[in-house]
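Structure, as structure tokens:
Values reported hereafter were calculated over all heavy atoms of this structure, with side chains retained and with hydrogens, waters and symmetry mates removed.
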Amino acid sequence: MTFKLAASPHTHNRRTTQQVMRWVYLALIPGVLIQTYFFGFGVYVQILLALVTAWLSEAAVMHLRNRPVRHAWQDHTAIVTAVLLAIAIPALAPWWIIVIGTLFAIVVVKHIYGGVGQNLFNPAMAGYVLLLISFPVQLTSWPLPTELAQLPLPFADTLSIIFTGFTQAGHSLEQLRIGVDGITMATPLDSLRHDLSQSLTLSESLAKPIFGSLGGIGWAWVNVGFLLGGLILLKQRIISWHIPGGVLVGLLVPAAIYWLFNPDQAITPLLHALSGATMLGAFFIATDPVTAATSNKGRWVFGLLIGGLIFVIRTWGGYPDAVAFAVLLANMTVPVIDKYTQPIAYGHGGRP
Amino acid sequence: MSQTTSVYKELAWQGLWKNNAGLVQLLGLCPLLAVTSNITNGLGLGLATLLVLIGSNITVSLIRKYVPNEIRIPVFVMVIATFVTVVQLLINAYLFTLYQALGIFIPLIVTNCLIIGRAEAYASKNSWHHSAFDGLMMGLGFTLVLVILGGIREILGNGTLFDGADLLLGDWATSLRIDVFSVDYPLLLAILPPGAFIVMGFIIAGKNWLDNYRAARAKQPQKQVTRARVTAQ
Amino acid sequence: MIVTSMQRNGFILAAFALIATLLVVGISKLTEGPIARQQEQELLRVLNQIILPELHDNDLYQSCTLVQHPELGQGKRRAYRAQRDGKPTAIAVEVTAPNGYSGAIHLLVAVHTDGTVAGVRTLAHQETPGLGDKIELRVSDWITNFNGQRVNDADDPRWAVKRYGGMFDQFTGATITPQAVVQAVKRAVLVVTTQQQHWHAAPANCYSQHSEVTP
Amino acid sequence: MSIATKEIEAGRIWDFPGGIHPPEHKHRSNQTPIAQLSLAETFVIPIKQHTGAPGDIIVAVGDHVVGGQPLTDAGLNNGLPVHAPTSGTITAIGPGRIAHPSGLPDTVITLTADGRDEQVTMPPITDFHERGRSELLDRIKQAGIAGLGGAGFPTAQKFALQRPLDYLIINGVECEPYITADDRLMREHAQTIIDGIEILLHLAGCQKAMLAIEANKPEAIAQFESLLPHHPAISLRVVPVKYPSGGEKQLIQLVTGRQVPSRGLPLDVGLVVQNVGTAYAVARAVLAGEPLIQRVVTVTGDHVERPGNYWVRIGTPVAELLHQCGFNPGPQQRVIMGGPMMGFTLPDLTVPVVKITNCILVPSYAELPPPAAEMNCIRCGACADVCPAQLLPQQLQWLAKAKDYDGLEKQNLFDCIECGACAFVCPSEIPLVHYYRKAKAEVRQLAREKMKSEVARERFEARQIRLEREKQERLERHRRAAEARKKAQAEAVAKGADDPQDAIQAAIARAKARKAAQAAAAAAKQSDDESNV
Amino acid sequence: MGDYLLLLVATVLVNNFVLVKFLGLCPFMGVSNKLETAIGMSAATTFVLTLASVCSYLVNQYLLVPFGLTALQTLTFILVIAVVVQFTEMVVHKTSPTLYRLLGIYLPLITTNCAVLGVALLNINEQHNFIQSIVYGFGAAVGFSLVLILFSALRERLAAADVPVPFKGAAVAMVTAGLMSLAFMGFSGLVAVA
Amino acid sequence: MSLITALIILGVLALIFGIILGFAAVRFHVESDPIVEQIDALLPQTQCGQCGYPGCRPYAEAIANGEEINKCPPGGETTIKNLSELLGVEAKPLDAAHGAESVKKVAVIREDECIGCTKCIQACPVDAILGAAKHMHTVIAHECTGCDLCVEPCPVDCIDMVPVPVRPDNWQWDLQQIPIRVVE
Ligand SMILES: Cc1cc2nc3c(=O)[nH]c(=O)nc-3n(C[C@H](O)[C@H](O)[C@H](O)COP(=O)(O)O)c2cc1C
Ligand SMILES: Cc1cc2nc3c(=O)[nH]c(=O)nc-3n(C[C@H](O)[C@H](O)[C@H](O)COP(=O)(O)O)c2cc1C
Ligand SMILES: Cc1cc2nc3c(=O)[nH]c(=O)nc-3n(C[C@H](O)[C@H](O)[C@H](O)COP(=O)(O)O)c2cc1C
Ligand SMILES: Cc1cc2nc3c(=O)[nH]c(=O)nc-3n(C[C@H](O)[C@H](O)[C@H](O)CO)c2cc1C
Ligand code: SF4
Ligand code: SF4
Ligand code: SF4
Ligand code: SF4
Ligand code: FES
């Protein structure tokens with residue numbers, strides 16, 4: 001009689017990569033729902049476009065590399081990448097924006113490195129930065145939160161504007177973005193940064209209609225949604241608290257200090273926490289295990305670095321929201337962080 | 001005679017493809033990546049490099065016997081610097097617009113690693129005519145890469161080809177300009193620094209792919225190297 | 001041994017240095033003329049674009065004088081004075097917009113004696129190709145929008161891009177560059193209108209101290 | 001007494017990083033007392049069942065032996081004898097399957113039992129307190145005792161070095177799922193184990209022993225709690241339930257807070273660790289003179305009808321053991337020697353039970369499904385979180401794949417205790433431990449090759465020098481010999497003697513013919529230049 | 001003081017020599033296979049770059065400018081640099097074999113690193129004074145070292161990655177450099193450099 | 001710019017530099033590089049000559065002079081990798097023209113066929129064959145490097161190259177290509 005040979009251990013606790021990824025995109029749901037509520041059905045359309053592109057491009061890469069095409073979708077990581085990229089770009093951006101971004105993320109940033117687990121940079125964020133740099137106009141043209149919009153935007157119009165650039169009635173995106181005061185409205189962070197650089201004070205800037213009591217209308221709640229999702233991930237032990245903790249501390253502590261010294265000229269910590277992609281970044285993006293540091297100490301350093309970079313770029317840099325850049329910059333340092341935060345192995349003089 | 005032709009053939013093969021300065025040796029990358037936002041710039045820099053390369057190779061080959069080892073590098077770089085300055089002055093005098101386009105990179109050809117690299121690796125060991133040919137082929141291979149890279153980046157980032165060729169080649173070249181496509185929003189990234197790196201990565205990969213493909217196709221019987229005997233048989 | 005090595009190396013290196021120097025200096029002498037001509041032509045080309053031929057009968061290139069004014073940027077600037085029948089008609093002056101998107105933008109601004117803009121050209125800049133480079137005439141004719149405009153006073157609100165309530169178009173996605181240019185041109189116009197008499201009277205002194213190779 | 005020592009004395013339990021909590025499955029086999037397995041017909045006794053060199057075989061095929069009779073000599077260094085498990089005839093000595101994951105053969109002695117089960121023992125030593133260390137150590141060695149806890153290190157040798165020791169630690173943790181051999185042994189033979197510990201304490205020359213038991217064995221704990229008050233030198237330590245708290249290094253950390261230095265020994269921090277089974281075996285060897293010919297083995301898993309613990313003679317083929325316990329193999333059956341975390345699968349059932357076999361596990365497919373296809377590591381860090389050695393398993397795995405041996409050393413590959421915790425939690429189901437084992441084997445192989453190439457170089461250079469010298473000598477000799485030979489030849493031919501070269505010529509001719517045939521055959525495929533040799 | 005700090009930050013991050021200014025790319029690609037060698041190269045480059053900055057400033061300020069020989073700048077600078085490098089190499093080789101093992105093989109490479117001449121020329125272009133020249137040279141070197149070290153650590157991680165065959169080696173390294181450069185664009189506009 | 005000043009200044013500068021370098025060249029002169037030793041230490045010392053050089057050391061010298069590092073089949077991938085790290089050059093795949101990396105082998109003489117001609121002894125670079133003229137020869141297995149140089153000279157063809165046997169203690173844990181396979 002012969003038997004099967006296998007390596008020990010012969011047992012396994014069955015939480016597979018698919019399950020991990022499934023938790024991630026399930027945890028995104030609260031945030032996405034809120035985002036849809038404020039910015040319209042465009043969010044869904046973008047997600048759908050991203051998923052289709054991601055799937056097709058993964059399949060194509062697998063085919064080109066003579067690998068079984070069905071492997072492409074197996075681990076569900078592409079879903080996470082696609083969804084994250086889709087919710088990072090403005091809901092009404094033209095269809096080719098998300099297609100180019102996803103293609104770049106999946107093909108160049110992920111598969112040139114050999115696919116899942118081997119990429120050095122966060123695919124979704126690299127895709128986002130590519131878009132931001134190449135198409136700054138489209139990437140900063142966020143639709144107005146529903147409450148402020150002058151024109152209603154039913155689903156058919158959403159589709160029409162994403163695919164043709166105009167609503168059925170012939171309004172362009174630019175026209176849709178005209179707010180109550182008759183000028184195009186920027187996102188809260190953008191507007192703040194601009195105003196502050198024009199020597200307006202914080203309170204003057206906050207008087208604009210895009211701000212509510214918590215922060216930018218819509219944006220604050222979207223952030224709360226993602227915070228909720230992040231807590232679910234923490235609870236499920238999909239992510240450890242070190243990275244999100246590091247990001248928030250690295251962003252909010254300097255922000256608070258800076259604000260204490262320049263109360264008129266600086267964004268408040270609360271605004272920092274609840275605008276832009278702060279929460280999405282802290283809980284879903286910075287935590288991408290593949291491109292983050294691995295030891296707990298390393299995760300702390302990594303998170304702090306991201307938070308600090310977000311603060312620096314938001315405050316002095318050329319871009320209103322800096323999560324993507326901060327994440328990519330921190331990705332670059334991961335091998336070095338890993339190297340210098342390696343835990344002291346048993347028997348090498350560390351104290352228990 | 002046949003032997004010399006084969007030397008030239010080998011040099012051409014090495015310079016243009018097998019050991020291409022830009023794609024394989026990864027030399028001269030700085031100007032290569034920096035100025036290739038369009039074909040015209042690429043071509044211009046390529047030709048300038050070509051000129052300097054031939055000149056420096058010949059000179060280095062001629063003087064190689066008279067230079068002691070310890071001052072080899074200073075002498076070589078000086079020779080190259082002289083050539084560059086001369087070429088720079090000539091371009092400045094007769095191709096002023098190109099001079100503006102290539103800017104700071106003309107003086108930097110001096111330390112273009114390709115040039116000192118060839119001086120060290122080839123010209124300092126070979127006769128002047130072989131060195132000259134080596135310079136020509138390496139330079140052409142380098143120019144080829146510059147042009148391809150410039151072309152791809154120009155198409156992606158600008159939607160055109162040979163935009164501004166008149167600056168380099170004279171007014172007749174205006175007609176060379178091709179509008180490949182025209183969209184309102186070209187892929188700006190391609191002409192920014194990251195695009196340069198990424199497109200270059202794809203070109204290198206393309207070359208590797210071609211090589212692999214040809215190797216797989218060819219599968220010619222492997223030549224066998226005779227074993228040396230260490231001991232008596 | 002040390003001494004021979006030192007002597008040998010020293011002499012060989014020196015010999016090569018001498019030959020190299022000889023070559024460089026020789027060629028630079030040879031090309032001196034053409035290069036100067038090139039530069040002159042380039043400038044003239046630009047000058048002649050913005051100061052129409054009927055406005056002057058003097059040699060614009062030679063009429064250059066060095067001027068200095070904080071509003072124009074640090075250091076000495078060149079000003080070219082156009083005269084017709086001995087009467088001043090216009091001045092073209094170099095000005096730097098220090099606040100471009102990626103650094104300083106160097107401009108040449110020509111102003112008629114009556115204060116209207118004769119023309120503006122970009123001499124050098126590092127703005128992003130495709131975004132900020134529309135200030136080049138080669139890329140876009142935006143820069144000609146200045147022609148004929150005048151500045152009413154230092155607070156003239158029209159001298160800004162449209163987004164800030166002015167009269168000049170911004171480029172989609174790049175407001176910083178045009179705004180910087182607009183402001184620089186405005187400053188130049190203001191300076192020229194106040195200083196022009198003074199400048200017209202100044203001696204032509206641009207190219208005397210700059211001749212590079214003296215035999 | 002330093003603070004740390006005070007804390008140890010006070011019974012403080014430290015913690016070690018990482019660790020996992022796999023399902024225990026212990027109840028299945030620990031409900032019934034240890035049963036005696038009936039004798040098998042044939043026994044297969046590998047001559048090497050411990051860490052170290054095998055002893056010299058001192059029996060021959062056809063010899064009749066009785067149970068307890070040594071079959072090999074202890075040899076000089078770290079050899080250890082093996083004993084006949086029962087009386088019978090030696091029927092074969094030669095290569096055979098051994099209990100090793102490779103399934104490769106090694107020298108085994110096959111014994112056909114005669115069913116009479118005659119035994120010999122050595123004279124009991126009851127007054128061990130009065131005996132010298134060396135005498136006791138020799139007894140333990142002659143009894144063939146190797147650690148029964150896993151590594152099979154000769155027990156006597158652990159005490160051979162006379163270094164001052166602080167504590168003797170007795171490992172009754174048994175943290176691996178399914179296995180209950182030590183648990184049952186502790187419940188049923190607590191007193192013998194205590195005797196064994198007393199002997200070991202005497203040998204170790206230290207004052208205190210600590211017996212560590214995992215908290216999930218209340219009966220065993222109760223047994224000792226009632227007995228230990230009479231033995232003040234031995235104290236009980238109940239350690240939390242966590243795998244791998246039974247690992248030597250982890251246990252040391254748990255009960256003393258100390259860490260064994262990398263590549264060092266427990267001895268370096270003044271400790272020695274022994275398994276409870278070893279203590280039992282020592283007690284039997286000293287007090288009753290019994291050599292190590294049987295041990296407790298847990299037989300468990302879905303596919304065995306009568307799970308439980310059995311006294312099994314060493315050398316019993318696994319087939320026999322399973323047969324007696326009611327084995328009904330399922331599809332894709334695996335038979336694991338050891339537990340689910342550290343055990344290895346057996347290639348077939350002729351493999352015998354050896355001194356370190358503590359468990360035979362025959363799981364059903366559903367019980368321990370084989371690993372799914374390996375996926376790429378997503379660097380989730382779960383493995384690093386559970387690694388008790390504080391390594392970075394995913395990093396090690398990358399480096400192992402890249403064959404970056406320097407990197408592996410820097411990442412302390414050799415500090416990995418192969419506990420399998422990392423692979424247990426890995427969501428990508430990477431057989432991490434396997435990579436490490438392979439890499440470790442490769443590193444060792446490289447080291448061997450390096451040494452070999454050093455030797456080769458020396459030999460080559462020596463040869464070159466010799467050749468040079470010989471050449472000089474030959475030139476000289478030739479000149480002189482040439483004349484002598486000429487003369488001799490002339491004389492021989494004159495006598496008409498047979499040419500002694502004939503036999504050789506014939507052999508050469510044969511070879512040539514064969515070569516020609518080969519060449520022809522080769523030429524059919526591809527022309528070669530065999531003929532010009 | 002603050003100005004110098006700003007200049008330093010700007011040179012290291014915003015106008016990073018390698019990723020933004022495209023200088024010193026060949027050693028960036030060539031000696032980034034291993035972290036250790038990258039660290040060696042960084043140390044060597046920092047030393048030479050700062051020294052070259054100083055020497056070229058002195059030569060320019062006290063020889064070339066006073067005698068009106070600015071047309072010979074390139075020639076002179078390159079000579080100075082080559083000699084400085086060669087001399088350093090010889091001295092290190094003799095005096096410290098360990099240091100030589102670390103730096104030695106990179107020193108000759110540095111002569112041909114265009115960042116060195118770049119620094120010398122840019123210093124003049126931007127009319128830096130003596131201290132600014134030192135800061136600029138040092139900053140450029142730190143920027144170079146920073147990205148080189150990060151890059152080589154990234155490349156070490158690539159060693160075991162299942163990169164598609166045509167992309168193995170230089171190609172994927174180029175793409176990585178591209179993505180690094182993409183990330184560095186985040187710094188643009190950080191410090192307004194006139 | 002005066003030609004004369006230019007010539008003087010640069011000439012003097014270069015003269016001084018040259019003198020400095022000439023001084024340094026002698027003052028800081030270092031004896032030959034130990035690089036050959038280092039390379040040699042990485043080669044497998046099989047002395048088989050497959051690289052085209054008579055022995056490992058000559059090949060090491062050749063590498064130090066710029067020869068390719070991928071010509072030693074016995075060393076295979078590992079040696080190439082080590083060399084590439086030592087020399088800071090790119091690792092290339094083994095040059096197939098020199099043969100392929102194969103399993104480690106050891107020579108075995110079929111002793112009953114051996115005629116004792118001593119030809120193999122002469123061929124063995126590491127003296128791994130024992131025997132006297134006209135007596136049966138044997139290979140000292142643990143000294144044999146597996147170079148197979150003794151195979152050709154044997155007139156009766158009685159030397160076989162057999163793979164080094166795998167024993168439990170040098171086994172490479174390669175039983176299992178994951179996933180599991182059935183072993184007979
Ligand atoms: C890669 C890149 C290059 C840019 N280049 C320029 C530029 O050259 N000029 C400019 O004014 N703005 C430039 N911008 C700035 C942005 O487009 C910025 O959002 C804009 O200037 C703000 O103006 P807005 O109010 O029109 O959006 C650039 C942005 C990016 C991402
Ligand atoms: C090569 C080797 C030498 C050892 N030498 C000693 C020793 O001198 N003294 C000792 O107490 N233990 C010694 N040991 C035993 C170890 O400390 C340890 O108890 C044994 O490896 C079993 O541990 P494990 O089952 O956790 O692997 C040695 C082990 C090995 C493998
Ligand atoms: C991960 C791991 C878990 C172990 N678990 C136990 C255990 O539960 N009980 C035990 O006695 N030995 C266990 N061992 C073996 C011990 O490390 C050590 O070898 C043994 O206690 C030494 O005693 P011995 O020489 O008497 O066998 C384990 C080893 C490892 C590596
Ligand atoms: C907690 C978590 C966060 C993730 N975040 C990202 C992300 O920000 N961007 C992304 O492309 N993929 C993300 N992924 C998916 C996956 O790790 C990623 O696609 C890999 O980088 C692909 O190799 C995430 C996965 C997990 C489990
Ligand atoms: S647990 Fe597995 S997937 Fe996660 S980091 Fe470790 S090896 Fe990678
Ligand atoms: S097997 Fe090794 S690496 Fe994995 S958890 Fe155990 S000690 Fe750590
Ligand atoms: S091929 Fe390798 S082992 Fe054989 S002689 Fe050459 S270097 Fe030595
Ligand atoms: S015995 Fe044969 S194979 Fe072995 S080393 Fe000697 S010559 Fe080589
Ligand atoms: S060209 Fe710049 S370093 Fe090579």
Check: E:S133 and E:N123 side chains under 4.5 Å, non-hydrogen atoms: yes
Does the side chain of B:I198 come within less than 4.5 Å of E:M174's, by heavy atoms? no
Would you mind checking which part of B:T85 comes under 4.5 Å of any heavy atom in chain E, side chain (CB onward), backbone (N, CA, C, O), both or neither? side chain
Counting heavy-atom pairs under 4.5 Å with chain B, the top scorer among E:A183, E:G24, E:G178 is E:G178
Using side chain to side chain contact (heavy atoms under 4.5 Å, CB included), reason through B:T143 and B:T49 one step at a time and then give a plain yes or no. CA-CA 8 Å; B:T143 312; B:T49 313; 6.0 Å; no
E:V175 versus chain B, the contacting section by heavy-atom distance below 4.5 Å: both
Are E:F167 and B:F202 close enough that their ring centers fall under 6.0 Å? yes
Contact origin within E:I81 toward chain B - heavy atom pairs under 4.5 Å: neither
Identify which part of B:L189 has an atom lying under 4.5 Å from any heavy atom of chain E, answering side chain, backbone, both or neither. side chain
With ring centroids as reference points, do E:F144 and E:F28 lie under 6.0 angstrom apart? no
